[in-house]
Amino acid sequence: MALDFLAGCVGGAAGVLVGHPFDTVKVRLQVQNVEKPLYRGTFHCFQSIIKQESGNTLRALGKDTPLNQFLAGSAAGAIQCIICCPMELAKTRMQLQGTGEYKLKTKNYKNSLDCLIKIYQKEGLRGINRGMVSTFIRETPSFGFYFLTYDCMTRYLGCEAEDSYVIPKLLFSGGMSGIVSWLSTYPMDVIKSRLQADGVGGVTQYSGILDCIRKSYHEEGWRVFTRGLTSTLLRAFPVNAATFATVTVFLMYMKSEDNLPECEPAPVIPQPSSL
């Protein structure tokens, strides 16, 4: 378990490094004012940020079946919301600093920890957990589809340890898993971002999830629920490809060093609980 945890950390770090710029673009597009939009699309948002801001980030179920893969992933998604929600709140607030400014004149937050401390001082635990329900609704099915897709892809492609093409197959499987995962719950991610960004600048627009959905749809139509999707999918493939490949290579290397038996059966990947 310790080895799995360490491998997951390494893989996650690799994924974040690859995908953070795309995630910043996603958040900016999701929360911008439709009446006075700052960005025309994904690539314009990239250009604007760089120009203006100098580039700102199973085992318990027993039998390994597709259903159990989905349930294991969903459970993982639900549990990690406790940590994920405050971290994403800080990330969203930090990413929105300096929006539209040629040079950042004032900094509300020095870093993510400073951001959470200031939110807590002003709003208490309720503020720190802003968007928790929407995060739960997003993460639970999203992780289920994530694990299910990866399991099906690796089985279909036959990702065996002795296969000379195992790494490209894992990269492709991981990338496609990320895309399916995001497509399954993306509209809720838009709502989560808007709720977590609500109150920036002192103005609160939404009283809750349903109010946010109603107002967003009324003002911007159904397209609001796909805003930022292009940058998200561009991010999803390399991030998840890098994550799964890194975890797998790390585990294979460590186990070969310790003369441990190879993982079986195929695919040669860590079990869902390791991520």
Side-chain angles (χ1 to χ4, degrees), residues 19-20 22-39 42 45 56-57 74 77-100 108-109 111-144 181-233 235-236:
H20 185 71
F22 294 99
D23 192 64
T24 299
V25 172
K26 171 184 74 84
V27 172
R28 293 285 181 91
L29 290 172
Q30 286 178 337
V31 304
Q32 72 172 341
N33 190 325
V34 66
E35 295 178 357
K36 297 179 181 180
L38 291 171
Y39 315 113
T42 299
C45 186
N56 285 357
T57 298
S74 297
I79 293 171
Q80 61 100 43
C81 286
I82 299 171
I83 298 175
C84 174
C85 181
M87 293 301 102
E88 290 209 0
L89 174 64
K91 173 185 69 68
T92 298
R93 297 291 177 91
M94 292 289 291
Q95 287 174 331
L96 292 176
Q97 280 196 135
T99 302
N108 295 323
Y109 314 114
N111 49 51
S112 297
L113 181 59
D114 180 59
C115 177
L116 290 175
I117 291 174
K118 287 182 177 177
I119 293 175
Y120 177 76
Q121 290 174 341
K122 185 177 180 180
E123 305 176 49
L125 285 175
R126 184 183 180 88
I128 291 293
N129 291 309
R130 181 186 294 271
M132 179 66 77
V133 176
S134 57
T135 301
F136 177 83
I137 296 174
R138 181 197 70 174
E139 296 290 86
T140 302
S142 175
F143 269 64
S181 174
W182 275 109
L183 287 174
S184 68
T185 58
Y186 190 78
M188 184 51 63
D189 185 65
V190 175
I191 299 304
K192 180 201 70 71
S193 292
R194 292 195 161 207
L195 289 172
Q196 292 186 326
D198 196 29
V200 174
V203 180
T204 302
Q205 301 182 62
Y206 313 116
S207 60
I209 295 175
L210 294 178
D211 185 53
C212 183
I213 294 173
R214 181 179 59 81
K215 288 181 178 177
S216 297
Y217 178 77
H218 178 74
E219 295 173 6
E220 305 172 48
W222 65 268
R223 290 184 181 275
V224 67
F225 302 113
T226 63
R227 179 167 296 172
L229 182 59
T230 301
S231 62
T232 300
L233 297 183
R235 166 184 178 264

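FYI, the numbering just counts along the sequence from 1. In this text, all values refer to a predicted model and were calculated from it rather than measured experimentally.
Under the 3.5 Å distance criterion, the side-chain polar atoms of Lys192 are left unmatched by any main-chain donor or acceptor of Glu88. No donor-acceptor distance shorter than 3.5 angstrom exists from the side chain of Thr140 to the backbone of Gly77, with no hydrogens or angles considered. Under the 3.5 Å distance criterion, the side-chain polar atoms of Glu139 are left unmatched by any main-chain donor or acceptor of Gln80.
In this view, Leu233 and Ile179, Trp182, Leu183, Leu229 satisfy the side chain to side chain contact (heavy atoms under 4.5 Å, CB included) rule, not counting sequence neighbours. The side chain to side chain contact (heavy atoms under 4.5 Å, CB included) search around Ser193 returns Lys26, Val27, Gln30, Val31, Asp189, not counting sequence neighbours.
To the nearest 0.5 angstrom, Ile82 atom CD1 is 12.0 Å from Thr135 atom OG1. Distance CG/Leu96 to OH/Tyr109: 9.5 Å, rounded to 0.5 Å. One finds the CD1 atom of Ile119 at 10.0 Å from the CG atom of Asp114 (value rounded to the nearest 0.5 Å). For the atom pair CZ (Arg223) and OG (Ser216), the distance works out to 16.0 Å, reported to the nearest 0.5 Å. We find the CZ-OH distance between Arg214 and Tyr206 to be 10.5 Å, quoted to the nearest 0.5 Å. Leu89 CG to Cys115 SG: the interatomic distance, rounded to the nearest 0.5 Å, is 6.0 Å.
Side chains of Phe225 and Ile213 form a contact here, defined as non-hydrogen atoms less than 4.5 Å apart. You'll find the side chain of Ser112 stays beyond 4.5 Å of the side chain of Leu116, heavy atoms only. Arg138 places a side-chain heavy atom less than 4.5 Å from the side chain of Cys84.
With no hydrogens or angles considered, no side-chain donor-acceptor pair links Ser142 and Ser184 at under 3.5 Å.
The nearest pair of heavy atoms linking Thr92 to Gln196 is OG1-OE1, 3.6 Å. Smallest separation of non-hydrogen atoms from Thr185 and Pro141: CG2-CG, 3.5 Å. Ile137 and Ile209 make their closest contact through CD1-CD1, 4.1 Å (heavy atoms, listed as atom of the first residue, atom of the second, distance). The shortest heavy-atom contact between Ala197 and Arg93 is CA-NE, 4.2 Å. The two residues Cys212 and Leu195 have their closest heavy-atom pair at CB-CD2, 4.0 Å. Taking both residues in full, the closest heavy atoms of Asp198 and Thr204 are given as OD2-CG2, 3.2 Å, listed atom of the first, atom of the second, then distance.
Ion pairing between a basic and an acidic side chain is recognised when a charged N comes within 4.0 Å of a carboxylate O; Arg194 and Glu219 show no such pairing.
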